[in-house]
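Chain letters run A, B, ... following the sequence lines, proteins first, then strands; residues in each count from 1.
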Amino acid sequence: MKYWSQTFIPTLKESPADAEIASHKLLLRAGLVRKLGGGLYTFLPAGLRVVQKISQLCREEMDREGAIELSMPFIHPVDNWVDGPRWTAAREIMYRVDHAGAGKGRAKEPEFVLGPTHEEVITPLVRQEITSYRDLPKNFYQIGTKFRNEIRPRYGLMRAREFIMKDAYSFDVDDAGAIESYNRMKRAYTAFFLRCGLKTIAVEADTGVMGGSYSHEFMVPAPVGDDDIVYCEESGYSANREKATSGLVPKDLPAAAPAGALEEFPTPGIVTIAALAAAPYNVAPDKQFKTLVYLGDGKPFLVILRGCDDLEEAKLGPLGFQLWRAATPEEIEPILGAKPGSLGSVKGTIRNPAALAGIFADHAIRLVGNGTTGANKDGFHLRNVNVTRDLAVTQWGDFRRVRAGEPDQQSGSPLKMARAIEVGHVFKLGTKYSEKFGAVYTDDQKQSHPMVMGCYGIGLSRTLQAVIEQSNDADGIIWPWQVAPWQVLVVNLDPADAAATALCLKLAQLAETAGADVLIDDRAERPGVKFKDADLIGLPLRLTVGGRGLKEGIFEFKWRASKEVRKVAIAEAGSAVTEAVRTAAAKA
RNA sequence: CGGGACGUAGCUUAGCCUGGUAGAGCGCUUGCUUCGGGAGCAAGAGGUCGAGAGUUCGAAUCUCUCCGUCCCGACCA
């Protein structure tokens, strides 16, 4: 049990101006964290307790599925990363560390980096220590601080430069084993988030910089989330928007017959889809082809979409480039022969086709059939462009961004879209890292194989904030039982009164014996202040003792979530408190 | 990195447009009165107005540069 006067819970009446969303304001107002700098936060005692509780729940669920805890350094020799498979893509997000005393004029690469994740550390370790199929499978995890130079930290702990993460890495002898490990982690995650009192849904996700074959994200639906999820209630399909596809293009769609001969026509000053859709041209956006120019690892390539569609950049990942970005107008003109606004990909109109790494067409342009596109000549477009006859496509794929309302692939029902916070991510990595680092094992036929890996992350500090975001009201936080910094708050309205103080101690002992963590508000504050603070910090059960009640021989029960208040006779304190705590703990 | 907003006491902020001795509320300190939902009165402490340069007789206020913070986009747990 803890006395409020002997810990440190600096509550605030007003939210600091740099907090925008409810959970961020409450983190600060309830005295859980304080900001050091952008994306850098100190956990104050109450906040730290929540971190520890969440960590412990996570640990229990990981252990239950057979994962093994260890702890790896935060500081990594840069060579681990340079030798790994994703240095080019990952270096931008890493903080660099020069060893103390490093002078000017050192080499370009730093001596060390701060770990954003640990594949580059665990894989060499396993390579060194595990060589036999007899020692597999293994799944190692740790709970610790991660460092990422986030392009834009925001919303408090939601996206921070330094954050607490549980990361796990599984090593299996074959794909079937890896799938089993993956499923165990999905199960652990589901159980963990449930115990945190969070509603999550698992969605299919893009693998991003991690690479690997497939992945699921655990999402907390919330308007302040950074991600869009796409889902169909009928079929059960759910995916991150970056990965989502729809049934917009029928599989059996016949190829459109040419509508006529290619025809160039002048379009002076017309450089947008919208302008071409307006009078006098009146070419609807879904009858236009949009040509985008990107650079993949320095080489230009084209993406063709319908005029009405947007590119989903994450979908360029499978093309195999490490880094890609939109090309600038200066880079585009020498290749295509025109400035943006008049671009196209019709055979024979591209000035320097040999420079291109590929022309990638979105399936949906088949819906256009015959349409209009730029002539690669400033101020001119081409009409009667036929998809199969005229476009020089090297590869078809799904590149467009799905929109809400499009039909689900399986059920045909309209897809829905919602914002969500990503709190966990499971990846099936395959052999990308094990091959690169030589993490191989010998099987019972004396054959050598790369281990099949998976990796699994949970943003624990983000989870903490997601719980607050999902569970609060106008008065403050409403902590779920399992993750509350303390579960019972005993409010002493008359700390100067010996009888009140004695009763508070007795109630606290009863609650503690029944299994709850207890905070006693013994401050010499006015009742109004104590009640406001109690609601703000949001402990699940409040027991109030005051002179008025003492005279009547009662104290008060109040549940934070339901606001339900009950007067209890002091004589029945023992059974009432014990039962309340046990019931609440059992439900959680 | 692109676009936008902002930076005045521990916190929330007024003042800036139209240059002329820096104000309030909360919080803090002391005293008295209060005492079951952020009390009242009285007295008090607390500010290089983010930093630097410039314009000016004079800059929180106008100009420029830099730094920091927040919001929107790309990135991520």
Give the rounded distance in Å between these two atoms: [atom1] of [X] and [atom2] of [N].
X      : N      : atom1 : atom2 : result
A/I93  : B/rC1  : CD1   : P     : 17 Å
A/D226 : B/rC76 : CG    : P     : 11 Å
A/L28  : B/rC26 : CG    : C1'   : 17 Å
A/K315 : B/rC75 : NZ    : C1'   : 18 Å
A/I421 : B/rC76 : CD1   : P     : 18 Å
A/L198 : B/rA77 : CG    : P     : 17 Å
A/L295 : B/rC1  : CG    : P     : 20 Å
A/N149 : B/rC1  : CG    : P     : 10 Å

Which base, if any, makes a Watson-Crick or G-U wobble pair with [N], both distances under 3.5 Å?
N      : value
B/rC76 : none
B/rA60 : none
B/rG68 : B/rC6
B/rA39 : B/rU33
B/rG44 : B/rC28
B/rC16 : none

Would you say a side-chain N or O of [X] is under 4.0 Å from OP1 or OP2 of [N]?
X      : N      : answer
A/Y155 : B/rU69 : no
A/R91  : B/rC75 : no
A/R526 : B/rC35 : no
A/R152 : B/rC76 : no
A/R548 : B/rG36 : yes
A/K13  : B/rU12 : no

State which of [options] makes the closest approach to the side chain of [X].
X      : options                : answer
A/R148 : B/rG38, B/rC76, B/rU69 : B/rC76
A/L536 : B/rC70, B/rC75, B/rG38 : B/rG38
A/R401 : B/rA77, B/rA74, B/rC76 : B/rA74

Exercise. Do the charged groups of A/D226 and A/R159 touch, with an N to O distance under 4.0 Å?
Worked result: yes

Exercise. Are A/R325 and A/E331 close enough for a salt bridge, meaning some N to O gap below 4.0 Å?
Worked result: yes

Exercise. 5'-most contact on RNA chain B: A/G459 or A/D494, nearest heavy atom basis?
Worked result: A/D494

Problem set entry | Given RNA chain B, 5'-ward residue of the pair A/R29 and A/G37, judged by closest heavy atom | A/R29

Check every strand shown and say whether [X] touches a base, only sugar-phosphate, or nothing at a heavy-atom separation below 4.0 Å.
X      : value
A/G549 : base
A/K166 : nothing
A/V423 : sugar-phosphate
A/A160 : base
A/M219 : nothing
A/E242 : sugar-phosphate
A/L493 : base
A/T463 : nothing

For this session: Identify, with sequence neighbours excluded, every residue that meets side chain to side chain contact (heavy atoms under 4.5 Å, CB included) alongside A/D494.
Result: A/N492, A/D497, A/A500

For this session: Could you say whether the aromatic ring of A/F531 and the base of B/rG38 stack, counting only centre distances under 5.5 Å and plane angles under 30°?
Result: no

On a plain distance test, is the side chain of [X] in donor-acceptor contact with the base of [N] below 3.5 Å?
X      : N      : value
A/E556 : B/rG36 : yes
A/R542 : B/rG37 : yes
A/R159 : B/rC75 : yes
A/E14  : B/rG25 : yes

Exercise. Have A/Y189 and A/H216 got a donor and an acceptor in their side chains that come within less than 3.5 Å?
Worked result: no

Problem set entry | Audit row: A/N139, A/S181, side-chain hydrogen bond (donor to acceptor under 3.5 Å, both in side chains) steps and yes/no | CA-CA 8 Å; A/N139 186 351; A/S181 294; 5.7 Å; no

For this session: Give a yes or no on whether the backbone of A/M72 and the side-chain of A/Q142 come within a donor-acceptor separation of less than 3.5 Å.
Result: yes

For this session: Verify, without hydrogens or angle tests, whether A/D297 (side chain) and A/F321 (backbone) share a donor-acceptor contact under 3.5 angstrom.
Result: no

Without placing hydrogens or testing angles, list every side-chain donor-acceptor pair under 3.5 Å for residues 194-201 of chain A, not counting sequence neighbours.
residue : atom : partner : partner atom : Å
A/R195  : NH1  : A/E60   : OE1          : 2.9
A/R195  : NH1  : A/E61   : OE2          : 2.8
A/R195  : NH2  : A/E60   : OE1          : 2.9

